[in-house]
Protein chains: 2
Amino acid sequence: MSRTIDPYNALPKYNQLASILRQKIEDGEWLPRTSIPSERQLEVIYSISRTTIREAIDHLVRQGYLYREHGRGTFVSPQKLQKGLMELTSFSEDLLKRGIQPGQIIRSLNWVDAPAKIAQKLEIPTGTPLLRIERIRLGDNIPIGLQTSYLALSPEQAISESDMQGSGSLYRILQEKFNIIPSEADETLEVTLATPEEAVLLEIPEGAPLLLSERVLFAQNRKPVEYVKILYRGDRYQYFVRLTR
Amino acid sequence: MSRTIDPYNALPKYNQLASILRQKIEDGEWLPRTSIPSERQLEVIYSISRTTIREAIDHLVRQGYLYREHGRGTFVSPQKLQKGLMELTSFSEDLLKRGIQPGQIIRSLNWVDAPAKIAQKLEIPTGTPLLRIERIRLGDNIPIGLQTSYLALSPEQAISESDMQGSGSLYRILQEKFNIIPSEADETLEVTLATPEEAVLLEIPEGAPLLLSERVLFAQNRKPVEYVKILYRGDRYQYFVRLTR
DNA sequence: CTGGTCATGTGGTCACTACCAGTTAGATTA
DNA sequence: TAATCTAACTGGTAGTGACCACATGACCAG
């Protein structure tokens with residue numbers, strides 16, 4: 001990561017500056033609760049306008065790296081374990097962050113007609129063809145979740161089992177192959193008990209408590225793209241969120 | 001809500017404009033997926049600069065009311081049931097939004113010495129006095145959660161049982177009496193089973209599944225203020241989050 | 001009919017300028 | 001000494017002006 005702003009770089013300047021500042025925080029060059037240079041000082045240091053400085057700082061504030069105090073200065077947030085705040089992460093990204101090796105077993109991958117309940121959530125007519133993917137999610141090779149995804153894709157936009165095999169991250173495939181960028185999701189969490197089939201697949205006793213997550217994923221244009229249902233083993237999974245006002 | 005910008009109003013203009021635009025969306029004057037006037041048009045309509053217009057729109061985009069498409073325009077998001085996105089809400093606000101009548105029974109309210117585990121989460125020395133509040137939370141008069149809060153307050157900053165009786169919202173008391181504004185929280189969710197005592201209090205069978213939430217609340221200056229543990233009845237509570245990238 | 005070009009409208013980025021609103025520390029005053 | 005004032009910081013709000021990147025539709029050439 002460079003230490004100066006390159007005006008010929010394709011990246012916008014506020015973006016470059018944000019990276020530089022983030023780096024200084026992550027490297028520990030700037031310690032928690034200490035102030036960073038004032039906006040007017042940064043203006044001189046990096047030879048860019050205050051508008052741009054503020055835009056860079058805005059980003060870092062929203063991401064939880066910095067906080068401002070009117071009249072006093074801008075300060076480094078005390079670092080928490082989780083870097084990004086309430087970020088939308090895929091299952092595999094999520095586990096990697098916790099230092100657990102993600103893995104998966106694909107149980108099936110096929111086209112189905114949208115059931116009424118799911119069609120409603122995806123805001124499409126009942127019966128529209130959807131790509132359904134059933135997977136067992138593994139953490140360090142032990143089952144921790146049972147995941148069923150329904151993707152609203154056009155028939156041309158096929159995803160093969162080998163596509164999935166590679167990265168494992170469905171979100172990366174959506175982004176790279178179809179230019180669908182996951183940008184928002186609504187998620188509910190509740191508690192249920194394992195049915196006999198679920199118990200077998202997750203290698204737990206029947207009736208063991210599970211965390212049930214249902215998520216609807218939206219693309220850039222706020223169109224619903226995916227409906228996912230995940231059953232997590234209660235004894236192996238903890239859900240984390242950072243909430244902001 | 002006024003329909004024009006008042007330069008003498010104490011509220012900043014971008015704030016006033018955001019309110020006006022939000023109102024038009026909520027009133028249905030601007031329909032989902034339709035475009036709103038361009039930034040240059042709004043400049044003329046409200047006689048304020050594009051800088052300010054963009055700041056107002058930025059807020060609404062982050063709150064999920066609008067989305068932008070480069071080169072095409074700014075559009076109204078399809079409205080979801082929940083208005084604000086991933087907002088930090090108190091228990092009572094949360095229930096009210098769902099149309100459930102919140103209630104509570106205060107089981108105890110007293111000062112205790114911080115146990116090691118909690119002291120660590122609140123980033124204070126073990127043994128520091130903390131205000132502990134134990135409550136049974138009710139929804140439409142049926143128990144749905146068992147809540148234990150530990151508040152890092154100075155001994156002068158007392159909260160009495162009658163304070164709590166009134167609003168019921170601890171967050172409002174913190175804000176109004178002590179100028180502590182809840183601005184961020186880290187929360188984990190997991191599954192457990194009810195112990196005999198918990199079962200009695202929540203009026204459920206022993207061993208019934210519960211949703212266990214642990215939350216650390218931070219104030220404006222990112223200092224930890226409260227540690228809360230809530231046990232939700234699995235059959236009566238569903239947790240909702242909106243995630244953003 | 002097809003493909004390219006181009007003008008125009010949109011949001012995105014950036015600089016410069018000005019003034020307002022809290023905070024703080026040092027000078028001043030009672 | 002203690003309270004007050006003030007100047008010099010800090011971030012917050014706002015206007016103006018410029019140019020870039022992307023989308024779209026009208027037009028034209030093949």
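Order of the sequence lines sets the chain letters (A, B, ...), proteins ahead of strands, with each chain counted from 1.
- Spacing between atom CD of E43(A) and atom P of dC9(D) amounts to 15 Å, rounded to whole angstrom units.
- For dT16(D), the OP1/OP2 oxygens have no side-chain nitrogen or oxygen of S49(B) closer than 4.0 Å.
- Between dG11(C), dC14(C), dG15(D), one nucleotide has an atom nearer to the side chain of K13(A) than all others, and that is dC14(C).
- Dashed line: the shortest gap from a side-chain N or O of S38(B) to OP1 or OP2 of dG9(C) is not under 4.0 Å.
- Inspection of the Q16(A) and Y46(A) side chains reveals no N or O donor paired with an N or O acceptor under 3.5 Å.
- R72(A) has no side-chain polar atom (N or O) that falls below the 4.0 Å cut-off from OP1 or OP2 of dG22(C).
- For the pair E69(A) and I53(A), nearest-nucleotide mapping onto DNA chain C gives the more 5' position to I53(A).
- For the OP1/OP2 pair of dG15(D) and a distance below 4.0 Å, the side-chain nitrogens and oxygens of R50(B) include no atom meeting the criterion.
- Applying the 4.0 Å criterion to OP1 and OP2 of dG15(D), one finds that T51(B) has every side-chain N and O outside that range.
- Within 4.0 Å (heavy atoms only), S35(A) reaches no atom of the nucleic acid at all.
- For the residue pair S49(A) / E43(A), no side-chain donor-acceptor distance below 3.5 Å is found, with atom types taken as modelled.
- Rounded to an integer number of Å, the gap from CG of L11(B) to C1' of dA14(D) is 15 Å.
- In this structure, the OH atom of Y46(A) is 15 Å from the P atom of dA15(C), given to the nearest Å.
- Taking 4.0 angstrom as the limit, Y14(A) places none of its side-chain polar atoms (N or O) nearer than this to OP1 or OP2 of dC14(C).
- Applying the 4.0 Å criterion to OP1 and OP2 of dT10(C), one finds that Q41(B) has a side-chain N or O inside that range.
- Taking only side-chain atoms of R68(A), from C-beta outward, the nucleotide of dA14(D), dA15(C), dG12(D) with the closest atom is dG12(D).
- Checked for salt-bridge contact, R68(B) and E39(B) meet the test: a charged N lies under 4.0 Å from a carboxylate O.
- With sequence neighbours excluded, the residues that form a ring pair (Phe, Tyr, Trp, His ring centres under 6.0 Å) with Y67(A) are F75(A).
- In this structure, E55(B) places its CD atom 16 Å from P of dG11(D), rounding to the nearest Å.
- At the heavy-atom level, T52(B) lies under 4.0 Å from the strands shown only through sugar-phosphate atoms.
- One atom, CG of L42(A), and another, P of dC14(C), lie 15 Å apart when rounded to the nearest Å.
- Remark: P of dT17(C) and CD of E39(A) are 17 Å apart, rounded to the nearest angstrom.
- Rounded to whole Å, the distance from CZ on F75(B) to C1' on dG9(C) is 12 Å.
- The two residues P125(B) and A114(B) make their nearest non-hydrogen contact at O-CB, 4.4 Å.
- With hydrogens and angles ignored, a donor-acceptor pair under 3.5 angstrom links the side chain of H70(B) to the base of dG11(C).
- Using a cutoff of 4.0 Å between basic side-chain nitrogens and carboxylate oxygens, E214(A) and K229(A) are not scored as salt-bridged.
- Rounding to whole angstrom units, CZ of residue R54(B) and C1' of dC20(D) are separated by 13 Å.
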